[in-house]
Amino acid sequence: MPSSEHETLVAMLRAGPASADALADIPAMRTSMETMMAALPLAPGTTCEDDDADGVPVSWVTAPGTDAGRVVLYLHGGGYVIGSRATHRSLASRISAASGARVLLVEYRLAPEHPFPAAVDDALAAWNWLLARAVDPSRAAVAGDSAGGGLALALLQRIRASGVPMPACAVCLSPWADLEGTGESAAPGAVDDPMVTVEGLRVMAGHYVGDAAAQPLASPIHADYEGFPPLLVQVGTREVLLSDARTVAAKARAAGAEVTLEEEAGLIHVWQAFPGVPESDAAVARIGRYLDRQLG
């Protein structure tokens with residue numbers, strides 16, 4: 001059963017603006033997310049340093065005691081329409097503290113101003129920038145939540161196609177991998193998640209890919225997973241994106257990838273982002289242990 005802290009979070013999210021009203025105003029959605037997420041604390045002692053990855057804005061988020069040779073390239077969520085480096089500094093700082101790795105937050109271009117495949121291009125540019133700076137790919141990971149989780153899977157496809165080295169592993173938190181919304185959990189009324197709705201995903205998919213949602217780089221449920229590195233996938237059973245995570249895990253396993261799928265009963269979309277919620281702290285600790293094993 002979810003903790004009282006988790007259910008308090010659910011109640012708080014339900015008190016937000018109605019979905020139809022919020023989806024009509026992209027600048028307001030962006031401001032709302034920035035305001036909510038900026039209030040979340042960083043891991044104690046964390047430093048944040050902005051940088052430029054060949055034209056892509058990035059930030060190094062580093063908790064005390066990290067190994068400079070370990071790097072996690074992190075792609076934020078927000079439906080490819082909202083979100084930024086600022087909205088995910090808290091989560092990045094906690095992953096850095098848990099894993100002993102520096103986290104590179106990537107501020108990829110957003111839709112509708114910059115539709116597909118702009119985000120994928122920016123993610124690949126950031127990975128190539130890391131390689132050019134002599135980051136050892138065997139000690140590096142890619143990670144992301146929601147749209148960022150799907151983008152991490154798209155990035156792996158682009159890395160494989162370009163012939164540059166793969167990362168040691170990938171971590172996908174509630175990945176948005178089916179922009180057509182064909183999964184059982186995306187059926188109206190199938191789940192009850194205050195963070196993400198079927199209607200919201202439909203609108204954001206329209207901004208990002210229009211009628212190209214079936215492309216594997218947009219919807220990685222259609223991807224070929226041959227040659228992929230080990231994957232950690234976390235998802236809550238209360239999520240619209242539950243089917244996305246299950247399909248990704250099944251396809252990756254069928255292609256020979258090592259997959260760890262963690263389904264958390266009754267939890268909402270990207271619960272990992274909220275420090276102080278017991279399930280969040282536990283999930284981030286597991287992410288840290290996974291990265292510690294994979295990055296050496």
Side-chain angles (χ1 to χ4, degrees), residues 1-44 76-84 86-95 97-98 144-149 172-176 181 183-205 233-246 262-287:
M1 178 178 294
S3 67
S4 60
E5 292 89 345
H6 179 273
E7 294 308 290
T8 297
L9 172 64
V10 169
M12 179 191 75
L13 293 169
R14 289 202 188 287
S19 176
D21 296 335
L23 291 170
D25 190 336
I26 292 173
M29 281 198 296
R30 290 172 177 168
T31 298
S32 176
M33 186 175 186
E34 296 277 340
T35 300
M36 179 177 73
M37 303 305 284
L40 299 176
L42 303 183
H76 69 79
Y80 296 105
V81 173
I82 63 178
S84 69
T87 60
H88 281 65
R89 283 178 181 149
S90 172
L91 179 55
S93 74
R94 294 164 59 226
I95 291 174
D145 64 280
S146 194
C172 299
L173 312 182
S174 307
W176 189 21
E184 290 181 3
S185 60
V191 294
D192 176 29
D193 186 346
M195 280 285 282
V196 169
T197 65
V198 174
E199 172 64 12
L201 292 176
R202 186 190 66 77
V203 171
M204 288 185 169
V233 181
Q234 293 183 341
V235 67
T237 63
R238 196 171 182 169
E239 294 198 51
V240 173
L241 301 184
L242 175 60
S243 296
D244 298 46
R246 288 174 171 172
E262 297 180 353
E263 295 187 15
E264 295 295 307
L267 301 192
I268 62 171
H269 186 62
V270 193
W271 75 92
Q272 301 93 333
F274 298 95
V277 174
E279 295 91 342
S280 172
D281 296 339
V284 171
R286 292 195 304 273
I287 293 167

Kindly determine whether Leu91 and Met37 satisfy side chain to side chain contact (heavy atoms under 4.5 Å, CB included), including the steps that lead there.
CA-CA 9 Å; Leu91 179 55; Met37 303 305 284; over 6 Å; no
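- In this structure, the ring-ring contact (aromatic ring centres under 6.0 Å, His included) partners of His76, at least two apart in sequence or on a different chain, are His88, Tyr108.
- Nearest heavy-atom pair across Val10 and Pro194 is CG1-CG, 4.0 Å.
- Nearest heavy-atom pair, Ser280 versus Ala273, reported as atom, atom and distance to 0.1 Å: OG-N, 4.1 Å.
- Counting only residues at least two apart or on different chains, the salt bridge (Lys or Arg N to Asp or Glu O under 4.0 Å) pairs with a member in residues 28-42 are Arg30-Glu113.
- Side-chain contact check for Glu5 versus Leu9: every heavy-atom pair is 4.5 Å or farther apart.
- Side-chain contact check for His6 versus Leu267: some heavy-atom pair is nearer than 4.5 Å.
- Using a 4.5 Å heavy-atom cutoff, the side chains of Asp244 and Glu239 are not in contact.
- How far OG1 of Thr35 is from CE of Met33: 11.5 Å, rounded to the nearest 0.5 Å.
- The backbone N or O of Ser4 sits less than 3.5 Å from a side-chain atom of Thr8, completing a donor-acceptor pair.
- The closest side-chain heavy-atom distance from Leu173 to Ile287 is below 4.5 Å.
- Contact record, Pro275 with Pro41: CG-CD, 3.8 Å, taken as the closest heavy-atom pair.
- Taking the side-chain contact (heavy atoms from CB on, under 4.5 Å) definition, one finds that Ser243 meets it with Glu184, Ser185, sequence neighbours left out.
- The two atoms that bring Val233 and Pro175 nearest to each other are CG1-CD, 4.0 Å, heavy atoms only.
- In this structure the side chain of Leu13 reaches within 4.5 angstrom of the side chain of Met36, judged on heavy atoms.
- Remark: Val198 pairs with Val240 by the side-chain contact (heavy atoms from CB on, under 4.5 Å) rule, at least two apart or across chains.
- When the salt bridge (charged side-chain N to carboxylate O under 4.0 Å, His left out) test is applied to Asp192, the partners found at least two apart in sequence or on another chain are Arg14, Arg238.
- Residues Gly77 and Ser146 share a closest heavy-atom pair of CA-CB, 4.2 Å.
- Here CE of Met29 is found 5.5 Å from CD1 of Ile82. Values are rounded to the nearest 0.5 Å.
- In this structure Ala283 satisfies the side-chain contact (heavy atoms from CB on, under 4.5 Å) test together with Gln234, Trp271, Gln272, Arg286, sequence neighbours excluded.
- Applying the side chain to side chain donor-acceptor pair (under 3.5 Å) rule to Arg89 yields no partners; only residues at least two apart in sequence or on another chain are considered.
- Of the listed residues (Leu241, Asp145, Leu242), just one forms a side chain to side chain contact (heavy atoms under 4.5 Å, CB included) with His269, and that residue is Leu241.
- Listed by chain and residue number, Leu42, Ala43, Thr46, Val61 satisfy the side-chain contact (heavy atoms from CB on, under 4.5 Å) test with Ser93 (two or more places apart in sequence, or in another chain).
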